[in-house]
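Hydrogens, waters and symmetry mates play no part in the numbers below; they use all other heavy atoms, side chains included. Below, read A as the first sequence line, B as the second, and so on, with proteins coming before strands; counting in each chain starts at 1. What you are looking at is a predicted structure, and each value in this text was computed from that prediction instead of being measured.
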Amino acid sequence: MDFAPDPALSRSEMESLQREIAAAATFTDDIDFTPEDVRDGDALVAGVDQAFLLDEDPERALSAVVVARGGEVIERTHAVTELSIPYIPGLLAFREGGPILAALDTLESDPDLFLFDGSGRIHYREAGLATHVGVITNTPSVGVAKSLLCGEPRASVDGLAEGERVAIDGDDQMPTDEVVGYAYQSRQFDSGRINPLYISPGHRVSAETAVEFVAACGGEYKLPEPTRQADAYADEKKQEYADTNA
DNA sequence: GCGACAG
DNA sequence: ATCTTGTCGC
């Protein structure tokens, strides 16, 4: 089976491929390491994020990957790739999946877990970016999104205390009623103004464990450290390319 | 037609 | 995502 996120597919072909991806995905724990291992530096976690070069035709994506073991960064890599289709809610993997796979191909280390910027199971067809790339690489993956694509929070997610989480149930536009993820307040101030992260299983991780992994990555900021590092690295490299191309 | 929408 | 400085508030 070829699950490659081919941007040339028709919209309906993309949607049916996502249903196949969801069927092949595992939303329960199938891992040989624990959140505790992540804390102790006995597991490799890779944060993946992107920056974009939109003032070009075609536009290009700069995909960055930062691998961490405990608090230390052991590898950073990136890839610059052409983008062929625009962003369409629900079809993000077909725009960014290829570019991300290109960056993962240059990795020398072999991460135990991937943290992607976007949704996993919190998706119309339970096949968001984290699930799509997770299934293709057959690597435990988690989706870390800064806003909610779909699904229904069981309770208000406003002003949660640091460490609190609220289950996200499948809604009427999704094929399941199960818990598809969690709103997770990684950081909070007394004023209670920071929005929570929306964590969901990508592949081979349950919704509960996905949150535990993010929590285990630590960091002083809202985003888990590997993701924050990847974000900064992507911006850094983007400037480099922008200057070179100027 | 209305509403809603990761990055 | 990206375009972008200062600024309101704890």
Side-chain angles (χ1 to χ4, degrees), chain A residues 5 7 11 14-15 18 21-22 25 47-65 78 80-103 114-134 141-153 157 159 162 168 170-174 180-184 187-203 207 210 214 222-224 227-228 230-239 241-242 245-246:
Chain A
R11 180 156 186 154
M14 290 180 178
E15 295 179 351
Q18 291 183 322
I21 294 282
V48 181
D49 196 20
Q50 298 170 297
F52 299 84
L53 299 155
L54 305 178
D55 300 318
E56 330 219 333
D57 22 310
E59 300 178 335
R60 291 182 299 169
L62 195 158
S63 308
V65 185
H78 74 283
V80 178
T81 317
E82 291 189 355
L83 292 167
S84 35
I85 60 171
Y87 162 70
I88 299 171
L91 298 178
L92 180 65
F94 292 91
R95 171 176 167 81
E96 307 184 352
I100 287 174
L101 287 167
F114 287 141
L115 258 37
F116 293 106
D117 58 312
S119 291
R121 194 183 184 187
I122 293 179
H123 179 273
Y124 308 121
R125 292 165 291 280
E126 299 183 281
L129 176 68
T131 297
H132 201 137
V133 181
S141 314
V142 169
V144 180
K146 293 180 289 297
S147 60
L148 191 60
L149 174 62
C150 57
E152 184 67 27
V157 299
E162 199 165 293
I168 305 296
D171 61 24
D172 53 17
Q173 55 186 335
M174 298 171 74
V180 293
Y182 283 91
Y184 172 62
R187 292 286 123 163
Q188 187 55 287
F189 291 145
D190 295 328
S191 45
R193 305 261 66 197
I194 297 182
N195 295 123
L197 289 175
Y198 292 92
I199 311 297
S200 60
H203 183 43
V214 169
K222 172 174 172 173
L223 293 175
T227 299
R228 201 179 69 83
D231 182 78
Y233 188 54
D235 282 336
E236 177 185 325
K237 283 298 171 184
K238 174 186 174 177
Q239 291 313 321
Y241 275 77
N245 258 353

[atom1] of [X] versus [atom2] of [N]: gap in Å, rounded?
X	N	atom1	atom2	result
A/Glu59	C/dC3	CD	C1'	14 Å
A/Asp235	C/dT2	CG	P	6 Å
A/Gln173	B/dA4	CD	P	11 Å
A/Leu223	B/dA6	CG	C1'	14 Å
A/Asn195	B/dG7	CG	P	11 Å
A/Asp117	C/dT2	CG	P	10 Å
A/Gln239	C/dC3	CD	C1'	13 Å
A/Asp49	B/dG7	CG	P	9 Å

When you measure from the side chain of [X] to the backbone of [Y], do you find a donor-acceptor pair of N or O atoms at a distance under 3.5 Å?
X	Y	value
A/Glu126	A/Val180	no
A/Lys222	A/Asn195	yes
A/Gln188	A/Ile194	yes
A/Ser63	A/Pro99	yes

If you check the [X] side chain, which of [options] turns out closest?
X	options	answer
A/Leu149	B/dA6, C/dT2, C/dA1	B/dA6
A/Ala51	B/dA6, C/dT2, C/dA1	C/dT2
A/Ser119	C/dC3, B/dA6, B/dG7	B/dA6

Contact class for [X] vs. all strands (heavy atom < 4.0 Å): base, sugar-phosphate, or nothing?
X	answer
A/Leu62	nothing
A/Leu54	sugar-phosphate
A/Tyr124	base
A/Gly90	base
A/Ala130	nothing
A/Tyr87	base

A/Val144 and A/Val214: which non-hydrogen atoms are nearest, and at how many Å? CG2-CG2, 4.1 Å
For A/Pro5 and A/Gly98, which heavy atoms make the closest approach, and how far apart are they? CG-N, 3.8 Å
By nearest nucleotide on DNA chain C, pick out whichever of A/Asp190 and A/Asp231 is the more 5' one. A/Asp231
Judged by nearest nucleotide, the residue sitting upstream toward the 5' end of DNA chain C, A/Ser191 or A/Leu53, is A/Leu53
Should A/Lys146 be listed as having a side-chain N or O under 4.0 Å from OP1 or OP2 of C/dA1? yes
When you check the phosphate oxygens OP1 and OP2 of B/dC5, does a side-chain N or O of A/Ser147 lie under 4.0 Å from one of them? no
